Amino acid sequence: MVSQKQLLREKRLVTFFIALAVLIELSVWLTRLGSFETTLFFLALLIYQGRFLYLIWWQKPNQLTFQAASSQKKPLVLDYVLNSLFFVIFPLGYTWLHLTFYTQWRLGGATQMIFFGLYLIGTSITLIAEHQRKVFKKQHPDENFRLHGLFKYAIGINYFGEVLALPSLFYLSTGSVLIFGLMLVQQIADFSFVQMPKQISYIKEKYPDEVDEILKQKKLIPFIY
């Protein structure tokens, strides 16, 4: 069992290292202020890390960031590792990819704007869905949030946001449509063959009276799939 004191210490330490990573990213950005496309990339990166800080301090102030870590023998250690990997090391890796490959593979500012727009849409969908879930569960603890808000349009609407956002961030990092496509396929496959079966099992176990109504909804993409 992880204590609140341990959680608070973890959040503070992770926030400190994210701040260091952001300072590195800003220093690189300031050396390339003339590039509109690089500015879009760093804006997306800052949104990515800012969204994480919102998650740990406002969405999950008393929880581990990664729910899967709670079932492990050393949940706090695993949560430390995953937080550092996804929100400190990966952003620095995205920065390296951008500096190394973007000028070779890029398709121009207009294309960068399109993918930046996709990134914003995906991030917004996930943030709004997660915020609605938290508020609804607090205000209506006896009702099922999956039948309300954005979740009524797709069981995995929050995953749909990720499916749009993460591949777009990879394009903004590398300028490669091929890498965007590979990441998009990976995200859809992960949802379809890993996340969705888990979701269905969880819904059947936790909501037996509403399972038929919930499973009538689209799985990932509203009105389509």
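The model shown is predicted, which means the values in this text are computed figures rather than measured ones.
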* To do: Verify ring pair (Phe, Tyr, Trp, His ring centres under 6.0 Å) between Phe87 and Phe17, making sure each step is shown before the conclusion.
  => CA-CA 9 Å; Phe87 303 106; Phe17 282 109; over 10 Å; no
* **Step-by-step side chain to side chain donor-acceptor pair (under 3.5 Å) determination, Asn144 to Glu210** => CA-CA 9 Å; Asn144 194 333; Glu210 299 168 305; 3.1 Å; yes
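Here the closest non-hydrogen pair linking Asn62 and Leu7 is O-CD1, 3.4 Å. Annotation for Gly122 and Leu164: closest pair CA-CB, 3.8 Å, computed over non-hydrogen atoms. The minimum heavy-atom distance linking Pro61 with Lys134 is given by the pair CD-NZ, 4.1 Å. For the pair Lys11 and Thr15, the tightest heavy-atom approach, listed with the atom from each and the gap, is O-OG1, 2.6 Å. Of all heavy-atom pairs between Tyr171 and Leu107, the closest is OH-N, 3.3 Å. Between Phe180 and Pro167, the shortest heavy-atom distance links the atoms CD1-O, 3.2 Å.
Between Tyr119 and Ile47, the closest side-chain pair of non-hydrogen atoms falls below 4.5 Å. A heavy-atom distance below 4.5 Å is found between the side chains of Leu26 and Leu46. Residues Gln49 and Leu53 form no side-chain contact, since every pair of their non-hydrogen atoms from C-beta on lies 4.5 Å or further apart. Counting heavy atoms from C-beta on, the side chains of Leu20 and Val88 never come closer than 4.5 Å. Between Leu150 and Arg133, every side-chain heavy-atom pair lies at or beyond the 4.5 Å cut-off. Using a 4.5 Å heavy-atom cutoff, the side chains of Lys5 and Arg9 are in contact. Taking 4.5 Å as the limit, some side-chain heavy atom of Leu92 sits within range of a side-chain heavy atom of Glu25.
Under the ring pair (Phe, Tyr, Trp, His ring centres under 6.0 Å) test applied with Phe151, the options Phe136, Tyr159, Phe145 reduce to a single match, Phe145. The only option from Thr103, Thr174, Thr38 that meets the side chain to side chain donor-acceptor pair (under 3.5 Å) definition with His98 turns out to be Thr38. Screening Gln195, Lys216, Gln199, Lys218 for a side-chain contact (heavy atoms from CB on, under 4.5 Å) involving Ile155 leaves a single residue, Gln199. Partner of Thr65 under the side-chain contact (heavy atoms from CB on, under 4.5 Å) criterion, chosen from Leu82, Asn83, Val14: Asn83.
Residue Tyr153 qualifies as open at atom OH: its count of foreign heavy atoms under 6.0 Å is 12 or below. When the shell of 6.0 Å around CD of Gln186 is examined, it contains more than 12 heavy atoms from other residues, nucleotides or ligands.
Separation of atoms CG (Asp142) and NZ (Lys137) is listed at 12.5 Å; rounding is to 0.5 Å.
For the pair Tyr94 (side chain) and Leu45 (backbone), a donor-acceptor distance under 3.5 Å is absent. Ser27 places a side-chain N or O within 3.5 Å of a backbone atom of Ile24 that can act as its donor or acceptor partner. Listed for the Gln112 side chain is a donor-acceptor partner under 3.5 Å among the backbone atoms of Glu37. Ser192 places no side-chain N or O within donor-acceptor distance of the main-chain N or O of Ala189, the cut-off being under 3.5 Å. Listed for the Gln104 side chain is a donor-acceptor partner under 3.5 Å among the backbone atoms of Thr100. Side-chain N or O atoms of Asn158 include none that pairs as donor or acceptor with a backbone N or O of Ala129 at under 3.5 Å. Side-chain N or O atoms of Gln59 include one that pairs as donor or acceptor with a backbone N or O of Glu130 at under 3.5 Å.
In terms of hydrophobic clustering, with Ile, Leu, Val, Met, Phe, Trp and Tyr side chains grouped at heavy-atom distances under 4.5 Å, Phe86 and Phe16 are assigned to a common cluster. Hydrophobic clustering of Ile, Leu, Val, Met, Phe, Trp and Tyr side chains at less than 4.5 Å, counting indirect connections, keeps Leu178 apart from Val163.
Salt-bridge annotation for Glu143 and Lys138: absent, with no side-chain N of the basic residue lying under 4.0 Å from a carboxylate O of the acidic one.
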